[in-house]
Enquirer: 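This is the structure I have questions about; it appears just below.
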Amino acid sequence: MKIVEYGNMEGKRILCIPGVFMAAECFRRLSQELPEYRLVCVTLDGFHPGSEEFRGLEQQTEKLVRMLQDRGLTSFELVIGLSMGTIFSVRLAKHPALEIKKLFLDGAVNFYRSKVKGVVHASIYLIFRYFMNTAKKNKERSANDLKKIYAGDWGEIMQVCRASLTEPSLRVMARLLADYTLEPGVKQPMYLIFGGKEDNIKVNSKVVKTLYPDARIMVKEGYTHLEYLNRQPEEYGRLVRKVLKK
């Protein structure tokens with residue numbers, strides 16, 4: 001696990017948690033739209049060269065909290081969680097060692113346990129294993145595929161993340177993503193954003209509203225999973241700033 005910081009080191013803090021095959025550097029472009037803030041950006045274990053294994057939600061959460069405490073970083077205006085990072089954002093929001101004012105969850109994973117959990121688990125595992133193996137065996141093909149989807153430097157960053165993942169970490173992640181349900185108990189204001197092309201918007205929104213009726217849900221039509229942040233960082237930055245000032 002590693003932490004990279006961007007922006008004004010004296011500014012108010014935003015904690016940024018990326019998703020699967022993503023790293024802290026994926027927030028670099030967003031930091032340029034929020035120069036007055038201090039962005040504390042995380043790369044979870046399993047996604048950078050030389051990292052330890054990804055051992056589970058609890059282990060990764062506690063490790064991150066210790067790293068933040070060691071840096072004297074325990075209060076944040078906002079936590080931004082992308083995809084799998086939304087799971088960690090919710091857990092961190094309830095952690096007694098941290099003071100977090102608001103949550104911004106983007107491109108959430110399924111917030112519900114599927115009736116066909118075994119099928120979901122197998123699908124996640126096989127898809128991620130394909131990405132991992134392709135990145136290691138055919139770097140050029142993997143990098144070219146990523147460049148077709150993501151703008152800027154995300155392709156290069158994600159190629160490294162894919163190539164860094166190991167089989168033990170992959171197995172733990174697949175189980176976590178297939179078996180997760182949205183946790184109750186978050187007291188902070190919660191904002192969620194989905195790309196209009198994501199296929200779990202209706203079900204996820206229902207789950208969110210059942211537990212958190214005051215949560216604000218936004219849908220950006222025409223975009224896929226996390227594409228709005230990648231393709232429109234200027235607009236995304238304005239949206240984040242708007243949430244911060246509410």
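A quick note: this is a predicted structure, and the numbers were derived from the prediction, not measured.
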Enquirer: Check whether K101 reaches the backbone of F76 with its side chain - one donor and one acceptor, N or O, closer than 3.5 Å.
Expert: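 No, because the side chain of K101 does not come within donor-acceptor range (under 3.5 Å) of the backbone of F76.
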
Enquirer: For the residue pair E227 / T224, report whether a side-chain donor-acceptor contact shorter than 3.5 Å exists.
Expert: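 There is such a pair (donor and acceptor under 3.5 Å, judged by atom type) between the side chains of T224 and E227.
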
Enquirer: Any side-chain heavy atom of V65 sitting closer than 4.5 Å to one from T74?
Expert: no

Enquirer: Test side-chain contact (heavy atoms from CB on, under 4.5 Å) on V160 and H48 and set out the steps.
Expert: CA-CA 7 Å; V160 174; H48 63 90; 5.8 Å; no

Enquirer: Hey, does the side chain of Y212 reach the backbone of G185 with a donor-acceptor pair shorter than 3.5 angstrom?
Expert: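 Checking the backbone N and O of G185 against the side chain of Y212, a donor-acceptor pair under 3.5 Å is found.
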
Enquirer: N200 vs Y112, test: side-chain contact (heavy atoms from CB on, under 4.5 Å). Steps then yes/no.
Expert: CA-CA 10 Å; N200 59 357; Y112 54 93; 4.2 Å; yes

Enquirer: Once side chain to side chain donor-acceptor pair (under 3.5 Å) is applied, do any residues pair with E53, and if so which ones, sequence neighbours excluded?
Expert: T166, S169

Enquirer: Quick one: which residue pairs count as a side-chain hydrogen bond (donor to acceptor under 3.5 Å, both in side chains) with a foot in residues 80-89, not counting sequence neighbours?
Expert: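 Matches after skipping sequence neighbours: S83-H225.
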
Enquirer: Among all residues two or more places apart in sequence or in another chain, which pass the side chain to side chain donor-acceptor pair (under 3.5 Å) test with E221?
Expert: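 Testing E221 for side chain to side chain donor-acceptor pair (under 3.5 Å), a comparison that skips the adjacent residues, returns none.
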
Enquirer: Below 4.5 Å, heavy atoms only, C-beta onward: do V172 and R175 meet side chain to side chain?
Expert: yes

Enquirer: Got more than 12 heavy atoms from elsewhere within 6.0 Å of NZ, K139?
Expert: no

Enquirer: Less than 4.5 Å apart, side chain to side chain, heavy atoms only: is that true for F111 and T181?
Expert: no

Enquirer: Scan side-chain atoms only and decide if E167 and Y125 contain a donor-acceptor pair under the 3.5 Å cut-off.
Expert: yes

Enquirer: So, for L146 and G155, which heavy atoms are closest and what is the spacing to 0.1 Å?
Expert: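 Shortest heavy-atom contact: CD1-O, 3.5 Å.
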
Enquirer: Using every non-hydrogen atom in the two residues, find where P233 and L30 come nearest and quote the distance to one decimal.
Expert: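 The pair with the smallest heavy-atom distance is O-CD1, 4.3 Å.
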
Enquirer: Could you tell me which residues satisfy side chain to side chain donor-acceptor pair (under 3.5 Å) with R141, sequence neighbours excluded, listed by chain and number?
Expert: Y130

Enquirer: Just wondering, more than 12 heavy atoms not from K242 lying within 6.0 Å of its NZ?
Expert: no

Enquirer: According to side chain to side chain donor-acceptor pair (under 3.5 Å), who are the partners of N230, at least two apart in sequence or on a separate chain?
Expert: none

Enquirer: Applying salt bridge (Lys or Arg N to Asp or Glu O under 4.0 Å) as the test, list every pair that has at least one member in residues 20-45; sequence neighbours left out.
Expert: K2-E25, E5-R38, R28-D153, R29-E33, R29-E234, E36-R241, D45-K63

Enquirer: Cut-off 3.5 Å, side chains only: do Y228 and E235 have a donor facing an acceptor?
Expert: yes

Enquirer: Which one of L211, L105, I217 satisfies the side-chain contact (heavy atoms from CB on, under 4.5 Å) criterion with M190?
Expert: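 That would be L105; it is the only one of L211, L105, I217 passing the side-chain contact (heavy atoms from CB on, under 4.5 Å) with M190.
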
Enquirer: Taking the side chain as C-beta and beyond, is there a heavy-atom pair between M22 and M84 under 4.5 Å?
Expert: no

Enquirer: Please confirm whether R162 makes a cation-pi placement over F21, using NZ or CZ under 6.0 Å from the six-membered ring centre and within 45° of the ring normal.
Expert: yes

